[in-house]
Amino acid sequence: MQNIRNVAIIAHVDHGKTTLVDKMLAAGNLFRDNQNMGTQILDSNDLERERGITILSKNVSISYNGYKINIIDTPGHSDFGGEVERVLNMADGCLLLVDAFEGPMPQTRFVLQKALQLGLKPIVVINKVDKPNCRPDEVQEMVFDLMCNLDASEDQLDFPTIFGSAKEGWMSDDWQQPTDNITAVLDAIIEHIPAPEMIEGDAQMLITSLDYSSYVGRIAVGRVHRGTLKDGMEVALCKKDGEVSKQKIKELRTFEGMGQKHVESVSSGDICAIIGLDGFEIGDTVTLPGNPEALPRIAIDEPTMSMRFCINDSPFFGKDGKYVTSRHIWDRLQRELDKNLALRENEDAWNVFGRGVLHLSVLIEEMRREGYELQVGQPQVIIKQIDGVKCEPIEELSINVPEEYSSKMIDMVTRRKGEMTMMETQNDRIHLEFKIPSRGIIGLRTNVLTASAGEAIMSHSFLDYEPWKCEISRRTNGSLVAMEGGTAYAYAIDKLQDRGRFFIFPQEDVYGGQVVGEHTKEKDLVINVTKSKKLTNMRASGADDKVKIVPPIVFSLEEALEYIKADEYVEITPNHIRMRKIILDELERKRIAKQNGQDED
């Protein structure tokens with residue numbers, strides 16, 4: 001029997017996974033008593049800390065009562081489901097975290113389904129019991145019902161439940177009796193999660209994750225399935241196309257605390273990192289050269305959304321960014337594809353495929369911060385032909401709002417071809433569930449938050465492909481388009497305010513064809529925001545009116561991607577996010593629109 005436990009922590013976004021891992025690391029005595037740990041220790045990159053979400057799964061380990069517990073922290077957002085699916089292969093059990101007030105959410109269902117299919121033993125942790133209006137006993141029943149619906153086995157249904165508050169640093173078997181530590185969780189892991197099976201024979205390891213170091217290059221991470229891997233041994237790498245290449249392990253490491261430790265050998269059941277392998281992909285198998293046996297590759301759900309990436313060809317190209325050529329962008333996309341399995345791309349048109357707008361916008365934001373300039377088109381859903389029928393992805397959407405806003409939410413979602421499947425009252429809030437096409441979700445979050453004065457909690461996850469529903473109207477208003485390049489003046493913007501809402505500040509540089517605002521009517525309107533007041537030496541008969549300008553709307557990256565129309569691009573540079581027409585010249589746009597109109601006739 002090995003003194004190792006491999007456990008993945010899964011939950012819906014913002015239910016407290018990373019906070020619980022922080023407390024587990026503290027319980028494993030990884031820090032000095034006087035050391036300031038900070039919070040969200042594992043959310044190490046800037047994007048994760050800013051958004052308050054986990055994007056990349058991470059491995060750490062702690063020692064507790066003579067046991068080594070390998071902890072895998074996973075993302076909670078459905079757009080990063082590809083990360084969750086592959087790392088669950090490394091675990092023997094999982095901690096399912098559920099919010100004591102919200103209960104199981106769409107992403108809880110998604111990650112739990114994947115864990116149950118792999119036969120993992122769940123331990124349910126009902127977190128945030130210190131919240132007002134929490135209902136831990138009711139939530140426990142909801143989790144049990146959810147597991148029944150997901151065809152859990154008898155053993156899986158016999159799950160232990162632990163209550164507590166990760167933020168306050170306590171866990172207990174009874175939520176009405178708080179303790180002063182989280183040992184209840186660690187004891188439950190050792191008692192209920194099985195030790196990894198010790199399988200003798202030729203060494204085998206499935207590569208389930210990638211790490212990168214600027215010093216040693218790409219590092220393969222996975223769990224040893226069978227036998228023992230040794231430092232410096234000759235191995236064979238079984239690839240996707242059946243090719244087998246002979247390689248040598250230069251260094252073998254296991255996870256210890258927050259870092260890695262060099263070891264001489266790793267036996268089956270433990271998670272390790274291998275340095276020195278070339279040309280590997282996630283899903284490849286490391287085995288012995290004499291008898292190369294490949295393990296089944298990781299099956300990952302297909303992407304549901306695509307976006308067109310192209311080089312920045314606007315008049316302002318190259319002013320901000322360091323990397324602007326197609327070669328730079330292509331190389332960067334290739335690097336992303338190495339470690340992000342749910343992304344796909346097409347070399348000719350650079351159509352990048354992903355799980356959702358957030359999944360792709362995180363990649364764009366990372367590129368922007370690295371100094372890249374690029375343009376991206378409107379997000380499109382991926383349509384499939386199933387038995388000769390045109391089908392589109394359908395998502396499960398849940399919205400939790402105060403009672404007075406519920407009718408607005410239902411109206412907004414049903415206009416986008418959503419069907420309500422559930423409506424229940426939770427104290428002074430209403431919980432709504434819908435089935436809605438992925439197309440309908442693009443741009444919905446902004447509208448929902450605006451209509452509910454920021455009170456709505458909205459989440460969604462991919463459900464299935466269903467026959468195509470008719471067209472969905474996304475944005476009815478046209479755009480205000482700059483006529484010519486130059487500096488935008490307050491004088492011009494003031495006179496044009498009755499035409500629509502602006503996205504630019506006075507004294508900002510613009511170019512011809514840039515989208516500078518939203519028109520009040522349906523059609524696009526070309527305006528001149530660079531017109532300044534003509535000064536003469538004649539004395540004015542009346543005093544000048546003071547210019548009063550409404551503050552412009554400033555879009556985040558996701559909002560801009562969801563806002564644009566099919567004939568527009570978002571231009572992304574390290575310092576600016578602008579919207580523009582694909583064809584900048586007004587006459588050229590009119591000519592093409594006329595041609596299309598004639599073609600339709």
Side-chain angles (χ1 to χ4, degrees), residues 307-321 324 326 349-350 373-380 443 473-534 547 549-550 552-555 557 559-573 575-601:
M307 224 181 263
R308 186 188 180 89
F309 280 50
C310 60
I311 59 168
N312 185 10
D313 59 359
S314 81
F316 291 171
F317 83 94
K319 285 191 175 183
D320 283 356
V324 294
S326 56
W350 285 357
E373 281 193 14
L374 68 154
Q375 294 181 146
V376 292
Q378 187 188 41
Q380 304 288 343
S473 63
R474 278 186 18 197
R475 182 181 123 209
T476 50
N477 294 39
S479 302
L480 295 177
V481 185
M483 182 188 291
E484 57 189 45
T487 303
Y489 288 108
Y491 173 79
I493 293 173
D494 179 44
K495 299 282 185 266
L496 291 163
Q497 282 192 112
D498 57 342
R499 296 306 187 117
R501 303 183 301 168
F502 280 86
F503 306 152
I504 56 166
F505 288 90
Q507 298 303 311
E508 203 171 298
D509 287 337
V510 297
Y511 54 81
Q514 183 179 333
V515 175
V516 293
E518 182 184 85
H519 194 197
T520 49
K521 299 192 170 80
E522 279 187 30
K523 294 268 172 64
D524 291 348
L525 180 70
V526 178
I527 57 172
N528 185 3
V529 289
T530 61
K531 189 177 178 185
S532 61
K533 186 176 182 188
K534 298 289 178 271
V547 175
I549 294 176
V550 177
I553 300 162
V554 179
F555 285 97
L557 179 57
E559 286 166 353
L561 292 171
E562 292 180 339
Y563 180 81
I564 56 172
K565 289 190 164 182
D567 65 339
E568 293 168 358
Y569 276 154
V570 178
E571 177 194 347
I572 294 132
T573 71
N575 300 323
H576 296 98
I577 295 172
R578 303 183 186 97
M579 287 176 276
R580 55 159 282 186
K581 289 289 177 186
I582 294 176
I583 299 160
L584 295 176
D585 184 51
E586 183 196 350
L587 295 173
E588 184 71 9
R589 283 201 303 274
K590 282 184 176 171
R591 190 176 63 77
I592 288 174
K594 198 173 176 186
Q595 276 180 1
N596 291 343
Q598 286 167 354
D599 291 344
E600 284 163 17
D601 292 338

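Note that the structure is a prediction, hence the values are computed from the model and not measured.
- Listed by chain and residue number, nothing satisfies the side-chain hydrogen bond (donor to acceptor under 3.5 Å, both in side chains) test with Arg499 (two or more places apart in sequence, or in another chain).
- For the side-chain contact (heavy atoms from CB on, under 4.5 Å) test, residues two or more places apart in sequence or in another chain that qualify with Ser314 are Asn312, Phe316, Gln375, Tyr511, Glu571, Arg580.
- Of the inter-residue distances, the one linking Ile311 atom CD1 with Phe317 atom CZ reads 8.5 Å to the nearest 0.5 angstrom.
- Glu508 pairs by the side-chain hydrogen bond (donor to acceptor under 3.5 Å, both in side chains) definition with nothing, not counting sequence neighbours.
- The side-chain hydrogen bond (donor to acceptor under 3.5 Å, both in side chains) test applied to Lys590 returns Glu586, not counting sequence neighbours.
- Taken to the nearest 0.5 Å, the CG atom of Leu374 stands 12.5 Å off from the OG atom of Ser326.
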(request) Give the C-alpha distance, both sets of side-chain angles, the deciding distance and a yes or no for side-chain hydrogen bond (donor to acceptor under 3.5 Å, both in side chains) between Asn575 and Thr573. (result) CA-CA 5 Å; Asn575 300 323; Thr573 71; 5.9 Å; no

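- With sequence neighbours left out, Ile592 forms a side-chain contact (heavy atoms from CB on, under 4.5 Å) with Ile583, Glu588, Asn596.
- Closest approach of Ile504 to Val529, counting heavy atoms only: CD1-CG2, 4.3 Å.
- Minimum heavy-atom separation, Ile564 to Glu568: CA-OE1, 3.5 Å.
- Applying the side-chain contact (heavy atoms from CB on, under 4.5 Å) criterion to Glu559, with sequence neighbours excluded, gives Thr446, Phe555, Ser556.
- Inter-residue side-chain proximity for Gln507 and Phe505 is flagged as unmet; no heavy-atom pair is nearer than 4.5 Å.
- A pairwise comparison of heavy atoms in Gly321 and Glu373 identifies N-OE2, 2.7 Å as the closest pair.
- Interatomic distance, Leu496 CG to His519 NE2, rounded to the nearest 0.5 Å: 10.0 Å.
- Minimum heavy-atom separation, Ala488 to Ile493: CB-CD1, 4.3 Å.
- For the pair Val570/Tyr563, no side-chain contact is recorded, criterion being any heavy-atom separation below 4.5 Å from C-beta on.
- Under the side-chain contact (heavy atoms from CB on, under 4.5 Å) criterion, Ser532 pairs with Tyr489, Lys534, sequence neighbours left out.
- Residue Lys565 places its NZ atom among more than 12 non-hydrogen atoms of other residues, nucleotides or ligands, all under 6.0 Å distant.
- Between Gly318 and Val324, the shortest heavy-atom distance links the atoms CA-CG1, 4.0 Å.
- Phe503 has its side chain out of reach of Val516: every pair of non-hydrogen atoms, C-beta onward, lies at least 4.5 Å apart.
- Interatomic distance, Met579 CE to Leu561 CG, rounded to the nearest 0.5 Å: 9.5 Å.
- Atoms OG1 and CG, on Thr520 and Asp498 in that order, are 8.0 Å from each other to the nearest 0.5 Å.
- The salt bridge (charged side-chain N to carboxylate O under 4.0 Å, His left out) contacts involving residues 512-522 comprise Arg501-Glu518, where partners must be two or more places apart or lie in separate chains.
- Between Leu584 and Pro315, some side-chain heavy-atom pair lies under the 4.5 Å cut-off.
- Atom-to-atom distance recorded for Thr530:OG1 and Asp509:CG is 11.0 Å, nearest 0.5 angstrom.
- With sequence neighbours excluded, the residues satisfying side-chain hydrogen bond (donor to acceptor under 3.5 Å, both in side chains) with Asp524 are Lys581.
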